[in-house]
Undergrad: 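This is the structure, below, for whatever I ask next.
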Number of protein chains: 2
Amino acid sequence: MATFDAEAIAAAFGKYLKRKNLKVTAERLNILAEALATEGHFEADDLLVILRKKNRKTSRATIYRTLVILAEGGFLRKICLGDRAAQFEKSTGQPRHDHLICLGCGTKFEFVLPELPDLQDRLCRQFGFAKSDYCFQIFGLCADCAAAKNE
Amino acid sequence: MATFDAEAIAAAFGKYLKRKNLKVTAERLNILAEALATEGHFEADDLLVILRKKNRKTSRATIYRTLVILAEGGFLRKICLGDRAAQFEKSTGQPRHDHLICLGCGTKFEFVLPELPDLQDRLCRQFGFAKSDYCFQIFGLCADCAAAKNE
DNA sequence: TTGATTGCAAATCCTTTGCAGGGAA
DNA sequence: TTCCCTGCAAAGGATTTGCAATCAA
């Protein structure tokens, strides 16, 4: 049901690795595959658990090292959602979105602000800044938690 | 040269503490005072060092515990700028601004996007979300670093 | 007096690193 | 063959926590 082609991305990752003089290893491909198969956010440890379950054991160190490569290559996006551990999400196959994060129940709602890209571009032009990424989160209480609080 | 009244804020903090059944202690007031006296961002450890220098020794644990209270009370804002340690800044006496962060040299440029509050309000209304705070950062290369890279 | 607060040290949690053996090119 | 990678275990850094002593109310 993916709106993107995991195989094509794996191939692109392979090319990327070679271009950077990095080696194409089973571990790296497995990590990418699981990252792409994950809906929504995940953290390093999630991948570790999933890979273990599938008997594709990979050390924590390798996962961390590979996540850095994947984020630098633009295959994944690292996002800070206020959790302790760094969160990641795949950067392909879905429109760029940001999050409303409920401080009550922890639910994360995705949203798209269509005006945001233009505003950012204008701003970056003013500063002569070459944007590579951004992060935008809104914290507060979701409708349910807000209602519960007012009861 | 503060555009805000530190004493008034300290008084408000005192009231806030009482309202929450927390005690007004010298440690808590000292921490607030130093936080207000700091221009720009700081992290927990910065306060520790400053307080030590001033012979207002306070344990690291108390600083962390107090920062949580101050952030919850809205006296400080916790911001994630991609550093390892959590960053804070006072939430009064300055217009709300966000940051362009250069991945090359680490410089943080402040900016204000006047449209942002309205966009967020509209969005939160759509979701029935009660916003309490947000965080917005743009990562990339500043003009200097971008120029250096292209040389 | 009484329960909250502090400081200390230990404990956690996430992440990074050094190193020796194994593997891609 | 030649480095690059991996896994392991240890190191690291930030933050939290348990506990006994201390202090605000």
Side-chain angles (χ1 to χ4, degrees), chain A residues 10-11 13-35 41-52 54-73 76 78-88 106, chain B residues 10-11 13-35 41-52 54-73 76 78-88 106:
Chain A
F13 181 45
K15 280 184 193 168
Y16 175 80
L17 289 172
K18 283 173 188 161
R19 204 180 322 135
K20 295 268 181 179
N21 275 315
L22 300 171
K23 295 186 176 168
V24 178
T25 66
E27 286 82 356
R28 287 176 174 166
L29 293 177
N30 287 335
I31 291 168
L32 172 65
E34 285 315 323
H41 318 122
F42 60 89
E43 52 194 61
D45 219 59
D46 296 332
L47 294 185
L48 185 78
V49 172
I50 294 175
L51 288 166
R52 282 228 169 114
K54 298 197 176 178
N55 284 319
R56 294 242 173 289
K57 272 197 190 172
T58 308
S59 75
R60 197 172 256 108
T62 296
I63 292 179
Y64 277 102
R65 287 188 275 235
T66 303
L67 285 173
V68 171
I69 297 174
L70 287 168
E72 283 179 357
L76 298 181
K78 186 176 181 175
I79 45 183
C80 43
L81 298 181
D83 306 89
R84 219 176 209 278
Q87 304 287 311
F88 293 83
Chain B
F13 181 45
K15 279 185 194 166
Y16 175 80
L17 288 173
K18 284 173 188 158
R19 202 179 323 134
K20 294 267 181 180
N21 276 315
L22 299 172
K23 293 185 177 170
V24 178
T25 66
E27 287 83 356
R28 287 176 175 165
L29 294 176
N30 287 336
I31 291 169
L32 171 65
E34 285 315 323
H41 318 123
F42 60 89
E43 51 195 61
D45 218 58
D46 297 332
L47 294 184
L48 185 79
V49 171
I50 295 176
L51 288 165
R52 283 231 168 113
K54 298 198 176 177
N55 284 321
R56 295 239 175 290
K57 271 196 190 174
T58 308
S59 74
R60 197 172 256 107
T62 297
I63 293 179
Y64 277 103
R65 288 188 274 233
T66 303
L67 285 174
V68 170
I69 297 174
L70 287 168
E72 284 179 355
L76 298 181
K78 185 175 182 176
I79 46 183
C80 42
L81 297 181
D83 306 88
R84 218 174 209 281
Q87 304 288 311
F88 293 84

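Nothing here was measured: the structure is a model prediction, and the numbers come from that model. Proteins get letters first, then strands, A, B, ... in listed order; numbering begins at 1 in each.
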Undergrad: What string of B, S and - do you get for nucleotides 18-25 of chain D 5' to 3' if you count protein non-hydrogen atoms under 4.0 Å?
TA: B-----BS
Undergrad: Are side-chain heavy atoms of A:Phe42 and A:Val49 found at a separation under 4.5 Å?
TA: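 No, their side chains stay 4.5 Å or more apart.
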Undergrad: Show me the pairs that pass salt bridge (charged side-chain N to carboxylate O under 4.0 Å, His left out) and involve residues 58-73 of chain A, at least two apart or across chains.
TA: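 Applying salt bridge (charged side-chain N to carboxylate O under 4.0 Å, His left out) to every pair that reaches into residues 58-73 of chain A, excluding sequence neighbours, yields A:Asp45-A:Arg60.
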Undergrad: When rounded to the nearest 0.5 angstrom, what is the spacing between CG in B:Leu51 and CD in B:Glu27?
TA: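 Here the interatomic distance stands at 10.0 Å.
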Undergrad: Enter the distance from B:Ile79:CD1 to B:His41:NE2 here, rounded to the nearest 0.5 Å.
TA: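 Those atoms lie 4.0 Å apart.
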Undergrad: Please give, in whole Å, the distance from D:dC3 P to A:Asn21 CG?
TA: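 Spelled out: CG on A:Asn21 to P on D:dC3 is 12 Å.
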Undergrad: Here's a test of your reading of the structure: between B:Ala44 and A:Ser59, which maps to the more 5' nucleotide of DNA chain D?
TA: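 It is A:Ser59 whose nearest nucleotide is closer to the 5' end.
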Undergrad: Describe, as an angle rounded to 10 degrees, how the axis at the first end of the helix from C:dT1-D:dA25 to C:dA25-D:dT1 is tilted relative to the axis at the last end, five pairs per end.
TA: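 Computed from the C1' atoms at both ends, the axes differ by 40°.
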Undergrad: Holding to side chain to side chain donor-acceptor pair (under 3.5 Å), I want the full list of residues that pass it with A:Thr62, two or more places apart in sequence or in another chain.
TA: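 Expected list: A:Ser59.
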Undergrad: Contact between B:Leu67 and B:Leu47 at the side-chain level, heavy atoms closer than 4.5 Å - yes or no?
TA: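 In short, these two side chains touch, coming nearer than 4.5 Å.
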Undergrad: Between atom CZ in A:Arg28 and atom C1' in D:dC5, what is the gap in whole Å?
TA: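 Interatomic distance, CZ of A:Arg28 to C1' of D:dC5: 6 Å.
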Undergrad: When the distance from CG of A:Leu48 to C1' of D:dG7 is rounded to whole Å, what number comes out?
TA: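 Whole-Å distance recorded here is 12 Å.
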Undergrad: With a non-hydrogen cut-off below 4.0 angstrom, is B:Arg60 in contact with a base, only sugar-phosphate, or nothing?
TA: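 Touches a base.
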Undergrad: Tabulate protein N/O versus nucleotide N/O from nucleotides 11-14 of chain D, keeping only pairs under 3.5 Å, one per line.
TA:
from	atom 1	to	atom 2	distance (Å)
D:dG13	O4'	B:Arg84	NH1	3.4

Undergrad: Just the endpoints, please: which first and last nucleotides of DNA chain C, 5' to 3', lie under 4.0 Å from a heavy atom of chain A?
TA: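 Terminal contacting nucleotides, 5' to 3': C:dC13 to C:dA25.
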Undergrad: Are the side chain of B:Arg28 and the backbone N or O of B:Lys23 linked by a donor-acceptor pair below 3.5 Å?
TA: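 Side chain of B:Arg28 to backbone of B:Lys23: a pair is present.
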Undergrad: Nearest 0.5 Å, please: how far is CG in A:Leu32 from CD in A:Glu34?
TA: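 That separation rounds to 9.5 Å.
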